[in-house]
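Every chain is numbered from 1, with letters handed out A, B, ... down the list of sequences.
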Amino acid sequence: MTNIIENLRGQVRNTVKNALHASVLKGELAESTIDEITIETPKDNNHGEFSTNIAMQLAKQVKKAPVQTAAILIANMDFSDTYIERAESAGPGFINFYLNKSWLYDTLKIVDRERNDYGRIDIGHGKKVMVEFVSANPTGTLHMGNARGGALGDCIASVLQAAGYDVTREFYVNDAGNQIEKFGISLEARYIQLLKGEDAVQFPEDGYQGEDIIDHMKDYIERYGDQLLKEDPAERRKKLVDYALPKNLERIRKGLEAYGIKYDVWFSEQSLHDSGELDETLQYLNENGLVVEKDGAKWFKATHFGAEKDEVIVRNNGLPTYFASDIAYHRNKFQKRGFDWVIDLLGADHHGHVARMKAAVEAIGVDPSKLDIVVFQLVRLFKDGDVARMSKRTGRAISLDDLLEDVGRDAARFIFNTKASGSHLDFDLDLAIKQSNENPVYYVQYAHARICSMLRLIESEGIKIPLADEVELTRLTAPEEIELIKKIAEYPDEIRISAQALEPSRLTRYVTDVASLFHSFYNACRVKGEEENLMKARLVLVSSTQIVIKNVLDILSIGAPERM
RNA sequence: GUGCCUGUAGCUCAGCUGGAUAGAGCAACGGACUUCUAAUCCGUAGGCCGGGGGUUCGAAUCCCUUCAGGCACGCCA
């Protein structure tokens, strides 16, 4: 639960703040106001561990050149009880801070103490947050878009858990409304076609063309025969939907589970109709003057809340729209179930939903900042060097099941989390399948397996992996060792940033960096066979690296193999 | 036409709240296995940060404009 970097940053910030006070008190600097002292981490090692640009920001107020201000501040700094060794003015007026190496050795002690919990922080304070993701129509199978949304949503949820939030993963089941109608009509058409021939009935223009619909009906006929031919059509469609829908849902559930995703709640849209919550919501909006009638339909005045246009919530045939259910659904999330923060994941093709959903949340009296909608860009699939166009209409998309079979869960989850959600993702199927160095997931897993192998060998020779407190960590001085420890120290802060940005893709990059620094260390330094104290110190470092890699892969739900 | 996303090395992408000399992986080229896993490492090369303006001590980052690609603009979800 220790964020090392954050603590150090705090030390630096306080040092600067105190120096600023002291300088003003002594009359060396004019009084000034500054919102916040920003402490940044320079990318160049020669610039120390931390730096601040305060002297440049202050230049105008104190009417002094930044370099001069920096010098005054440095002269007034007190480093006692901190890890800071020295501060230097550099460049146009930066102040760079150089730390005493002991912070690195203390880092290894923290990792050793926290073990599986290393990296966990508590910025969430147990706040209740829901992450709703995938929520695919149960009328068909899962496709590449769902696969990206799934990997992203699940990892966002895990990162938030690691950051101290109380997280609920939820799948919204669209088991009501228009698309279920279409589902029924499609099933019915296939049912009749299978029994009476292709030409017996025309397949509806906007029906679901997928093979799975036909398969469902083949199975149904096998079990129950043709008795539904004589049935009233509405009743017939209902029976077919009642048969196929649970099967689809079960298949979706199993597919996602194989992908490493387990939901806490499967929430039924129909339940909002049955419980009366949908009607209540419509009534609430109506009573608050947020509904207008036009052309026989009822519209929600989304424009009142900054949206571009109003939205139909009840059609002129009297049926509520999907959007109406979604308002009731969010009312349920916030008000019935008391979530403090709700995160919805949406594919870019639904980004039009963002503005109206925000408006709707405000309309039901909830602070819209409590709703975050993460819009992720669509996936372009490459195969044999060409774009493999996926078409939902013809049902020829690559399914999640295909993906898991061809690519595997680890590679798929890793690749989907290498890109920021906002960037378009090219998924190279051939590369993903390849078990070679071109495929980044193996690079990380290999580092882990390599460490496990080293530790196994050492232990087989009767040497115990020592505790960090028992060894001379100051023996670790090689640049490869220092860089690796620094990277390990960053982990808790990396969790913090990933959680705040809702970007787990940072973690795949982070863990790749750890692996890379480890491999460099491995090639530069030997462990087994070294002088005993050095070997022990390195064993602690190697073991810490293993812990960090394992912890990150756990968050991403990617396997950490002990052998490869 | 309007709105949103994206434009950074040959390819795929990082670049946090504006900071110091723009990074990584892959591909290319040259090296390293009698020693803890070579699915590895070390090195070389590769750039008008789409273009043009502006804001300021300082811009890949912020603002305006323009070009290119993706997506969305329904009483579908």
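Checking U37(B) for Watson-Crick or G-U wobble geometry (two distances, each under 3.5 Å) identifies no partner in any strand. Pair check for A9(B) finds none; no Watson-Crick or G-U wobble contact set falls under 3.5 Å. G19(B) is paired with C57(B) under the criterion used here, namely a Watson-Crick or G-U wobble arrangement in which both key atom distances are under 3.5 Å.
Under the stacking criterion of a centre-to-centre distance below 5.5 angstrom and an interplanar angle below 30°, His47(A) sits stacked against the six-membered ring of A20(B). Residue side chain Phe94(A) fails the stacking definition with respect to G19(B), as its ring centre and the base's six-membered ring centre are not both under 5.5 angstrom apart and under 30 degrees in plane angle.
A side-chain donor-acceptor contact under 3.5 Å links Asn53(A) and Thr38(A). Side-chain contact check for Asn417(A) and Ser505(A): no donor-acceptor pair (N or O, by modelled atom type) lies under 3.5 Å. Ser268(A) and Gln270(A) share no donor-acceptor pair across their side chains, judged by distance under 3.5 Å alone. Between the side chains of Asn332(A) and Glu277(A), at least one donor N or O sits under 3.5 Å from an acceptor N or O.
For A39(B), the OP1/OP2 oxygens have no side-chain nitrogen or oxygen of Tyr442(A) closer than 4.0 Å. Listed pair Tyr522(A) / U35(B) fails the phosphate criterion, with no side-chain N or O lying under 4.0 Å from OP1 or OP2. Considering only side-chain N and O atoms, Ser520(A) lies under 4.0 angstrom from the phosphate OP1 or OP2 of C42(B). Between Asn174(A) and A77(B), a side-chain N or O to OP1/OP2 separation shorter than 4.0 Å is absent.
Comparing C36(B), U17(B), C71(B) against the side chain of Thr38(A) picks out U17(B) as the nearest. If you check U37(B), A20(B), G15(B) against the side chain of Arg509(A), the one that comes closest is G15(B). Comparing C41(B), C36(B), A72(B) by their closest approach to the side chain of His351(A) singles out A72(B).
Looking at Val159(A), Leu152(A), Leu345(A), Val374(A) one by one, the single match for side-chain contact (heavy atoms from CB on, under 4.5 Å) with Leu502(A) turns out to be Val374(A).
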Would you list the protein and nucleotides 73-75 of chain B atom pairs, both N or O, that sit under 3.5 Å from each other?
unit_1: C75(B); atom_1: O2; unit_2: Asn316(A); atom_2: N; d: 2.6
unit_1: C75(B); atom_1: O2; unit_2: Asn316(A); atom_2: OD1; d: 3.1
unit_1: C75(B); atom_1: N3; unit_2: Asn316(A); atom_2: ND2; d: 3.2
unit_1: C75(B); atom_1: N4; unit_2: Asp295(A); atom_2: O; d: 2.3

N/O to N/O distances under 3.5 Å, protein versus nucleotides 56-58 of chain B:
unit_1: C57(B); atom_1: OP1; unit_2: Lys60(A); atom_2: NZ; d: 3.3

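Between the CD atom of Glu40(A) and the P atom of G18(B) there is a distance of 10 Å, rounded to whole Å. The nearest whole Å value for the distance from the CZ atom in Arg496(A) to the C1' atom in C16(B) is 9 Å. The OH atom of Tyr446(A) sits 6 Å away from the C1' atom of A38(B) (whole-angstrom rounding). Across the protein-nucleic acid pair, Leu319(A) atom CG and A77(B) atom C1' stand 14 Å apart, rounded to whole Å. The CD-C1' distance, from Glu269(A) to C76(B), rounds to 12 Å in whole Å. In this entry the distance linking CD1 of Ile415(A) with C1' of U12(B) reads 11 Å, nearest Å. The distance between atom CD of Glu308(A) and atom P of U2(B), rounded to the nearest whole Å, is 12 Å. The distance from atom CD1 of Ile465(A) to atom C1' of C36(B) is 12 Å, rounded to the nearest whole Å.
Looking at Asp493(A), its side chain never comes within 3.5 Å of a backbone N or O of Ile5(A) through a donor-acceptor pair. Checking side-chain atoms of Glu503(A) against main-chain N and O of Arg506(A) turns up no donor-acceptor pair under 3.5 Å. Between the side chain of Glu49(A) and the backbone N or O of Leu99(A) there is at least one donor-acceptor pair closer than 3.5 Å. Side chain of His330(A) to main chain of Asp326(A): a donor-acceptor pair is present (N/O by atom type, distance under 3.5 Å, no hydrogens or angles). Distance alone, capped at 3.5 Å, is enough to place a donor-acceptor pair between the Ser544(A) side chain and the Val540(A) backbone. A donor-acceptor pair under 3.5 Å links the side-chain atoms of Arg13(A) to the main chain of Ile37(A), judged by distance alone. Gln179(A) places a side-chain N or O within 3.5 Å of a backbone atom of Ala176(A) that can act as its donor or acceptor partner. Checked by atom type and distance alone, the side chain of Asn439(A) pairs as donor or acceptor with a backbone atom of Ala432(A) at under 3.5 Å.
Of the P atoms belonging to C62(B) and G7(B), the separation is 10 Å, rounded to the nearest Å. If you take atom P in G43(B) and the same atom in C48(B), they sit 25 Å apart, rounded to whole Å. On the C1' atoms, G25(B) is 26 Å away from A20(B), given to the nearest whole Å. When the P atom is used for both G46(B) and C5(B), the distance is 35 Å, rounded to whole Å. Nucleotides A72(B) and A28(B) place their P atoms 37 Å apart, quoted to the nearest Å. Rounded to the nearest Å, the gap between the P atom of C76(B) and that of U65(B) is 35 Å. Separation of the C1' atoms belonging to U44(B) and U34(B) is 29 Å when rounded to the nearest angstrom. A distance of about 12 Å separates the C1' atoms of G23(B) and A60(B), rounded to the whole Å.
Leu425(A) comes within 4.0 angstrom of the backbone, heavy atoms only, and of no base. Among the atoms of the strands shown, none is found under 4.0 Å from any heavy atom of Lys182(A). Within the nucleic acid shown, Glu494(A) has no heavy atom closer than 4.0 Å to any nucleic acid atom. Contacts of Thr512(A) with the nucleic acid, taken as non-hydrogen atoms under 4.0 Å apart, are absent. Counting any heavy atom pair closer than 4.0 Å across all strands shown, Cys525(A) reaches a base atom. Contacts of Asp310(A) with the nucleic acid, taken as non-hydrogen atoms under 4.0 Å apart, are absent. Across all strands shown, Ser423(A) has heavy atoms under 4.0 Å from sugar-phosphate atoms exclusively, and none from any base. Contacts of Asp426(A) with the nucleic acid, taken as non-hydrogen atoms under 4.0 Å apart, involve only primed sugar atoms and P, OP1 or OP2. Using a 4.0 Å heavy-atom criterion, one finds that Arg526(A) contacts the bases of the nucleic acid, with or without backbone contacts as well. Among the heavy atoms of the strands lying under 4.0 Å from Arg356(A) is at least one base atom, whether or not backbone atoms are also near. Within 4.0 Å of Ala449(A), counting heavy atoms only, lies at least one base atom of the nucleic acid.
Side-chain atoms of His350(A) and base atoms of A77(B) include a donor and an acceptor less than 3.5 Å apart. For A20(B), its base never sits under 3.5 Å from the side chain of Asn46(A) at any donor and acceptor pair.
By the rule that a glycosidic angle within 90° of 0 means syn, C33(B) counts as syn.
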Given the rule in the ring pair (Phe, Tyr, Trp, His ring centres under 6.0 Å) test, do Phe171(A) and Phe267(A) qualify, once you have shown the distances and angles that lead to the verdict? CA-CA 6 Å; Phe171(A) 188 111; Phe267(A) 192 93; over 10 Å; no

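In this structure, Met454(A) and Asp513(A) both approach RNA chain B, and ranking their closest nucleotides by distance from the 5' end singles out Asp513(A).
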